[in-house]
Structure formats: structure tokens, C-alpha cells
Amino acid sequence: MPELPEVETLRRGLEKDILNRQVVRAVVTKAKVLKEQTETAFQERIVGRRIERVDRRGKYLLIALIAERADVRSPSTPPSDIGQRVALGEPRILLCIHLKMRGQLLLQKADQPISPYHCVSLLLDDSMEVRFHDMWMWGEMRALTNEELAKVPGLAGMGAEPLDPAWDVRSLAPQLAKRSGPIKPTLMDQRVVAGVGNIYADEALFRAGIHPARPAASLTEGETNRLTQTIRAVLSEAVEGGGTASEEYVDVKGVAGRYTPWVYNRGGQPCVICATPLTRIRLGGRGTVFCSHCQAPEPTVHGGSCERRYR
DNA sequence: ATAGCGCCCTGGTGGC
DNA sequence: TGCCACCAGGGCGCTA
């Protein structure tokens, strides 16, 4: 499940190779990922444009496409509907991509074989293709104007970027104070902090010595401080490692991540700190793994019963 | 306003 | 061996 570190790794991989390239063709094999957008509208909005930037917001990947000057002044074929006319006249179109659970973005040569999970390809002017794959068909890829992008529900109310140097406990603490639900699902709420999903919520809570079922508002000042630090630490380490090692995630070159989780997906295995078998429960409908010894159900002054280090 | 749940979708797995 | 029920899960939208 691509979360912030995985999407950031994809962003860096794309940025290295596709900046200033022109999109010469867009092939859609599974229009479902375009959501409400038609295949034709999608193609008309992106073909002929150049890739200006590759950005990330939370788990969203945003690729800015800029029109050639001539394209802005006079679209070759006058579009029938007003929305389309406005879009073609836009200097900038944002390719808004969310990979959800199983989506993948790959940068491959145009002559490489197509996967059965292929949904969309963007052929670039250097014969490389940006390919969107999704086994579960949950992912989304849309070509939007700036105005439309601002209305995307998930993006509109999204919380702060945890790797932004300005993000600190003063951003997190007020969010937690007004929540009575368990801390784990609260951390995964994209309005509280952007980009944290199941993997890194489990990891950050383990490193902070906080039980995942603790009511968010019950965290002490010290615990919230620790959690702020461990969220940033675990995300940074995972970005450095090119994402989490898992069966479903690879970067744009098809390379697996190298970050190895301490608790995520390790239910029943020994805790890396105290060797207690890790506990697996369901929280907010999600699989959750924690150490019953290191992560006490009550507030703790230090890092739980175990000594731990974080940067 | 917020918490909880069903839904979307498909491959893999365990039970019979 | 074959079939099927069931599970995994991010985020949206509905309900209470």
C-alpha cells in the first residue's frame, strides 16, 4: 500500500527521468481509473503537453503538464463542451494520481510487454512510457485543472506534511486533543497528518511506545512529543530506503523498497526490542500489530517499558 | 462535529 | 481436486 515514503520514492524516480518530456500519446485500457472523466477528455487534456513538475501531496502524486504556447491560443479541434474548452485553454493541467492499495507507476520502454493489470500509459517523446498498473482497480488517475484539483475531496481537507520542517508537535497536538477515537486510526486520518497509512501508523506508535488503542486525546504532552518525532523518523528512514519492502510495492524502475518494518505485518513474531510475540488486533477495520510489553495501554513517561531510541 | 460501518475490487487462501 | 466463502485494505459517503 503506497504511503508517503512510497509515493515520494515514485515522485523522485519520475522527476529524474520525465521532466520536460512531451506526452505524445495516452493509451487507456481500463477507463475505470479515470473515474468520472471520459477517456477522450483525459487524452485531450494531456496529449501534446510537456511535463513541468512532479509533486506529491500526502499519498497523491501530482504531475504538472504545461501547454505549448500555440496550444493555449488555438486548440486544433474546437472542443464541443465548455469545460473542455476551458481545460484546453488552461496553461497547466495537473495529472492527479492516487494509487490506493495496489496501484503501481512504472517507467518502461514503450516496447516492453504490457501487464494484465495495465490501466493507462503515457507515451513520452523519448519512447519511454509512464505506466499505471492496478490489480484491484481502486486507483485513480485524472487530468484536472487547478480549480478542479482544489475540489478533490481528499486533497481539499488534507493535513500538514509531516516531513515539512515546519511540522511539529504544535501541529499534531491540537488535532489529537479533539479526538476521542483510538490513536491509530486517528493517525491514518489524512486530515490529521498527510501521508501516514497502516504501515507507518503501526511503526510510529511502536517506536513511541504508545498502545494503538489509546484514545487520541488521552496522550500526554510527552507522548505526543515522542510520537511527533517517531512519525518523522520512520517516514524519513522509509524514504531513504526507497519505501517498505513488500510484495506489492516497487518503484518506477521495478525495484523493491528496502525499509524493513519493526512491527507492521509481523504479528506473532518476536518484538525486536523485548522478544515478546507481537499482538495483532483489528482497529478501525484495519489490521494492527503492536508489542503488548513495549506499548502499554496506559500513559507512560518514557518509551514504554522498553528503552528505545529515535532521532 | 465526529465515530462507525459498508462499499468499491480482485487474488490468494483455507475449509469442506 | 474443485469450489466457494472469506480476507486484505484507503478513502469516501452515509448514518447515528
Side-chain angles (χ1 to χ4, degrees), chain A residues 1-8 10 29-37 56-62 96-105 115-120 132-142 144 148-159 161-162 172 174-205 212-219 231 235 238 243-250 257 261 263-268 278-290:
Chain A
M1 56 300 295
E3 303 180 23
L4 188 153
E6 289 76 29
V7 179
E8 177 61 19
L10 296 171
T29 57
K30 298 194 182 78
K32 193 178 189 313
V33 300
L34 305 180
K35 296 293 147 183
E36 76 285 351
Q37 191 158 50
R56 180 191 56 76
R57 179 80 175 95
K59 303 177 193 174
Y60 283 88
L61 196 64
L62 302 168
C96 176
I97 303 167
H98 198 301
L99 300 171
K100 296 288 177 83
M101 271 304 293
R102 296 299 209 93
Q104 295 186 332
L105 270 186
S115 148
Y117 304 129
H118 176 274
C119 302
V120 177
F132 182 103
H133 292 180
D134 195 345
M135 179 192 284
W136 282 6
M137 304 291 292
W138 278 15
E140 301 175 2
M141 183 184 229
R142 281 171 292 191
L144 304 175
E148 291 166 345
L149 188 76
K151 290 177 196 153
V152 171
L155 274 170
M158 188 171 284
E161 286 289 333
L172 186 63
Q175 294 285 339
L176 303 190
K178 61 185 178 190
R179 301 297 200 101
S180 60
I183 182 64
K184 156 90 184 272
T186 303
L187 280 186
M188 288 173 65
D189 187 332
Q190 299 301 294
R191 294 168 298 184
V192 172
V193 51
V196 175
N198 207 21
I199 299 175
Y200 301 106
D202 276 3
E203 294 292 289
L205 286 168
R214 288 271 307 283
S218 79
L219 265 63
I231 288 170
L235 292 175
T244 287
S246 83
E247 285 172 25
E248 52 263 16
Y249 165 75
V250 289
V263 288
Y264 170 75
N265 208 21
R266 293 193 62 242
L278 296 172
T279 308
R280 183 185 159 92
I281 58 171
R282 281 188 84 78
L283 217 44
R286 304 286 172 252
T288 300
V289 181
F290 68 101

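Here is the naming used below: chain letters follow the sequence lines, and residue numbers restart at 1 for every chain.
- Looking at A/Arg56 and A/Glu161, a side-chain N of the basic residue comes within less than 4.0 Å of a carboxylate O on the acidic one, giving a salt bridge.
- Contact between the side-chain N/O atoms of A/Lys59 and the OP1/OP2 oxygens of C/dG11 is found at a separation under 4.0 Å.
- Residue A/Trp138 contributes atom CH2, which lies 8 Å from atom C1' of B/dC7 at whole-angstrom precision.
- The nucleotide whose nearest atom lies closest to any side-chain atom of A/Tyr60 is, among C/dG10, C/dC12, B/dC9, C/dC12.
- Picking from C/dG10, B/dG4, C/dA8 the nucleotide with the shortest atom distance to the side chain of A/Pro182 gives B/dG4.
- A salt bridge links A/Arg179 and A/Asp189; the closest N-O separation between the charged side-chain nitrogens and carboxylate oxygens is under 4.0 Å.
- A/Gly284 comes within contact range of no nucleotide atom at all, as no heavy-atom separation falls under 4.0 Å.
- Near DNA chain B, meaning a heavy atom under 4.0 Å away, there are no residues from residues 190-205 of chain A.
- You'll find the side chain of A/Leu235 reaches within 4.5 Å of the side chain of A/Val196, heavy atoms only.
- For A/Lys32 and A/Lys178, each mapped to the nucleotide of DNA chain B holding its nearest heavy atom, the one lying further toward the 5' end belongs to A/Lys178.
- Closest approach to the A/Arg179 side chain among C/dG11, B/dT10, B/dA3 is made by B/dA3 (side chain taken as heavy atoms from C-beta onward).
- For A/Met135, the side-chain atoms get nearest to B/dG11 when compared with the rest of C/dG13, B/dG11, C/dG11.
- At a threshold of 4.5 Å between non-hydrogen side-chain atoms, the residues A/Thr288 and A/Arg282 do not count as touching.
- The phosphate of B/dG4 has neither OP1 nor OP2 within less than 4.0 Å of any side-chain N or O from A/Arg286.
- At whole-Å resolution of the value, CE in A/Met188 and P in B/dA3 are 15 Å apart.
- Dashed line: the shortest gap from a side-chain N or O of A/His98 to OP1 or OP2 of C/dG10 is not under 4.0 Å.
- Between the side chain of A/Gln37 and the backbone N or O of A/Leu144 there is no donor-acceptor pair closer than 3.5 Å.
- Position along DNA chain C of the nearest nucleotide to A/Gly154 versus A/Arg102 favours A/Arg102 as the more 5'-ward residue.
- Proximity of A/Val33 to A/Phe132: side-chain heavy atoms (C-beta onward) are separated by under 4.5 Å at one or more points.
- Listed by chain and number, the residues in a side chain to side chain contact (heavy atoms under 4.5 Å, CB included) with A/His98 are A/Lys59, A/Tyr60, A/Lys100 (sequence neighbours excluded).
- One interatomic measurement links the two molecules: CD of A/Glu3 to C1' of C/dG11, which rounds to 13 Å at whole-angstrom precision.
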